[in-house]
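Chain letters run A, B, ... following the sequence lines, proteins first and then strands; every chain starts at 1.
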Protein chains: 2
Amino acid sequence: MAGIKDVAAEAGVSVATVSRVLNGHPSVSQEARTRVLAAVEALGYRPNAVARSLRTAQTRTLGLVISDVLNPYFTELARFVEEEARALGYSVIIGNADERPDLQDHHVRTLIDRRIDGLLVSPADGGTPLLRDVALSGTPMVFVDRWIPGIDVPVVRADGTGAVRDLVAHLHGLGHRRLAIIAGPAATTTGDERVEAFRGALRDHGLALPDAYIGQGDFQAASGRRATEGFLELAEPPEVVFAADNLMALGALDAIRARGLRVPDDIALAAFDDIPWFVHTGPPITAVAQPTADLARAAVRALADRIEGRTPQSVTLPARLVVRRSCGEAAPNERSDR
Amino acid sequence: MAGIKDVAAEAGVSVATVSRVLNGHPSVSQEARTRVLAAVEALGYRPNAVARSLRTAQTRTLGLVISDVLNPYFTELARFVEEEARALGYSVIIGNADERPDLQDHHVRTLIDRRIDGLLVSPADGGTPLLRDVALSGTPMVFVDRWIPGIDVPVVRADGTGAVRDLVAHLHGLGHRRLAIIAGPAATTTGDERVEAFRGALRDHGLALPDAYIGQGDFQAASGRRATEGFLELAEPPEVVFAADNLMALGALDAIRARGLRVPDDIALAAFDDIPWFVHTGPPITAVAQPTADLARAAVRALADRIEGRTPQSVTLPARLVVRRSCGEAAPNERSDR
DNA sequence: ATCATCCGTGTAATCGATTCCACGGCGTCG
DNA sequence: CGACGCCGTGGAATCGATTACACGGATGAT
């Protein structure tokens, strides 16, 4: 593969001049510039990004570590992150943690070893020592969706409290009084937060959230199934199950069907995170939708700000309720899908 | 960030010795080894992958360019690819082409510039000049799922003919005679192939595949919707729609529902590519399932073989039919889900 | 005792770019 | 007319690792 020396030789100039032309440096004669460009064209020369990165100490690459690529919410997030990053001239390397702290650490370490310019993280857990160290070491970092309290890094996320309140109002309006939630891992911020938002909204309607109505999940479908089975075995099972993410909602749907029950007639179902498939499930599922594209854009911009020496800002965007049929027939005046 | 020189100084040896210890080179005294290791530990030293790559001319990184990350089939593929690559000591950088040749080229070029050791591609189109050049230039490359005829590169893919034949037999057994297909872009191999397999299977039952029953899609949901609307407007609409990928099946489902029709009572639906969500749609969708994990593993192994100087092999694995309810009630003796 | 070998180690070249510094030529200004 | 400055350019240092080669000392064979 042709190197910068070959180009210099071909154009009859020094490597310094070639480099200057390629980087748009002003002091190069028109003459030299055209000769170099011609040589580049002739040889099909492409600069070696590895060598360039070594010298300049920047890779124009962002790392994105997410907790689970198979979760459509994160897939979508990743897609938009890459899109915005590309627009700003960065590449993205994705690391999938599969909700495993050890895998998360593996990816963080590899990314740091590759000297990525900045790190976007949606932590799978309460924060391993590694993540703290990285943040402390001055590597530009931004949390997206989930974050770790006590680590001083900008956070870009959606606030679900308003939407959850709307959801509870909707459920209450349909006559439901016994509402249960399948929570995420307590170690994740989104885990807690969604439970607390739910509890708060229930309180507004004079309802309590008994411990038996809080299922412990881990954001995976299987845990949603288990938690729902637990609910269904209760002497007084809930009338509604609210899953804190879309995969657990799917598990819940499984468990409900396995019992021969019907949604929403026998039990209602709602989920956090809206995904395209929820339109097509039987029945379509009512969900709290996050502004994924905006979150991704804001996160990338915050990170780029941090990298390029500007001051990054934490951003919180509101989520919104999308009513479908899984909690009972929507009243005609309620907001519906889209 | 500490460099190898710092470690050498701390341990009181030369950088060469440090490097030897880190790379498990034999001729290093036990003494020196422990001192170096202690220094590494003390300084929290991590080798700079960029510098290492420049010198060794290898990055231990694989590029994976897929046509659409949002398609769960590819998401899953990507996940398993990363898993297998990690097991073999490689990292993976994913490039999402969004079914756009220009974006595909962008990613291929960036990956080559970064001097990845090998490239796994599921081409979005018939093959841009760039892809040909890269293959010709000797960059290790393997096609997965889709490939480009005329480029001499190993191909790892699933063969759907058997499963499609099973599908058609199943449909025929249920009494369906007017079967339509939503094809993928003609430029992709999977596009053609699935149509031809379908046509062949129909012929076995003495059925024809009229042009009006071949919808033109592009592997995206919207195209499935359009094609299905076309079918439904026909004087004699088909009794079954077979979508050549899962997203188009979703579009088809949309179009059918929008008409107020019911699956499978009014019209049957089947899809190529099985995904977890098909269990939860209303009704659950009959599909041809590809052995995604095995494909991913085989592809990575083929690429690693090529990179490491062994002879890579093309691999073709059989797909299988998963019968659910979207084509009519399954006979009790038929293979069902799982 | 002598010489060849081998082992552990260090010095320095190298990978392919960027960039600091010096230099020659030329225009401008005093 | 001499000095100064600027412009375009090239030489060489540099980034942080790996590795070929050289070297000194110990060991073993003859």
Undergrad: Looking at R52(B), I'd like to know whether one of its side-chain N or O atoms comes within less than 4.0 Å of OP1 or OP2 on dT18(D).
TA: yes
Undergrad: Grab the CG-P distance between L54(A) and dT14(C) for me, whole Å please.
TA: 17 Å
Undergrad: Rounded to the nearest Å, what distance is computed from the NZ atom of residue K5(A) to the C1' atom of nucleotide dT18(C)?
TA: 14 Å
Undergrad: So does S53(A) get a side-chain nitrogen or oxygen closer than 4.0 Å to the phosphate oxygens (OP1/OP2) of dC15(D)?
TA: no
Undergrad: Using atom CG of D113(A) as one end and atom P of dG16(D) as the other, report the distance to the nearest whole Å.
TA: 14 Å
Undergrad: Mapping V15(A) and A32(A) to their closest nucleotides on DNA chain D, which lands nearer the 5' end?
TA: A32(A)
Undergrad: Check whether the side chain of R20(B) and the base of dG10(C) form a donor-acceptor pair under 3.5 Å.
TA: yes
Undergrad: Roughly how far, to the nearest 0.5 Å, is the CZ atom of F143(A) from the OG1 atom of T189(A)?
TA: 9.0 Å
Undergrad: Between the base of dG16(C) and the side chain of R55(B), is there any donor-acceptor pair under 3.5 Å?
TA: no
Undergrad: Assign each of E31(B) and A2(A) to its nearest nucleotide of DNA chain C by heavy atoms, then name whichever residue's nucleotide is nearer the 5' end.
TA: E31(B)
Undergrad: Take S122(B) and V65(B) through the test side chain to side chain contact (heavy atoms under 4.5 Å, CB included) and record every step on the way to the result.
TA: CA-CA 6 Å; S122(B) 178; V65(B) 177; over 6 Å; no
Undergrad: Could you tell me the separation between the OG atom of S27(B) and the CZ atom of R20(B), rounded to the nearest 0.5 Å?
TA: 6.0 Å
Undergrad: How is V13(B) classified with respect to the nucleic acid when contacts are heavy atoms under 4.0 Å: base, sugar-phosphate, or nothing?
TA: sugar-phosphate
Undergrad: Using OP1 and OP2 only, check whether a side-chain N or O of S27(B) sits under 4.0 Å from dT9(C).
TA: no
Undergrad: Below the 4.0 Å mark, does dC15(C) have OP1 or OP2 next to a side-chain nitrogen or oxygen of N48(A)?
TA: no
Undergrad: Separation of R115(B) atom CZ from dC15(C) atom P, in whole Å?
TA: 14 Å
Undergrad: What is the separation between atom CD1 on I4(A) and atom P on dC15(C), rounded to the nearest whole Å?
TA: 14 Å
Undergrad: Working to the nearest 0.5 angstrom, can you tell me the gap between R157(B) CZ and S314(B) OG?
TA: 9.0 Å
Undergrad: Taking atom C1' of dT9(D) as reference, at what distance in whole Å does atom CD of Q30(A) sit?
TA: 16 Å
Undergrad: What distance separates L43(A) CG from I4(A) CD1, expressed to the nearest 0.5 Å?
TA: 12.0 Å
Undergrad: Does a side-chain N or O from T56(A) land closer than 4.0 Å to OP1 or OP2 of dT18(C), or not?
TA: no
Undergrad: Could you tell me the separation between the NE2 atom of H25(B) and the C1' atom of dG10(C), rounded to a whole number of Å?
TA: 14 Å
Undergrad: If you look at every strand shown and take non-hydrogen atoms under 4.0 Å, does A49(A) touch a base, only sugar-phosphate, or nothing?
TA: nothing
Undergrad: Starting at atom CZ of R114(A), determine the distance to atom C1' of dA17(D), rounded to an integer number of angstrom.
TA: 15 Å
Undergrad: Base, sugar-phosphate, or nothing for S19(A), non-hydrogen atoms under 4.0 angstrom?
TA: base
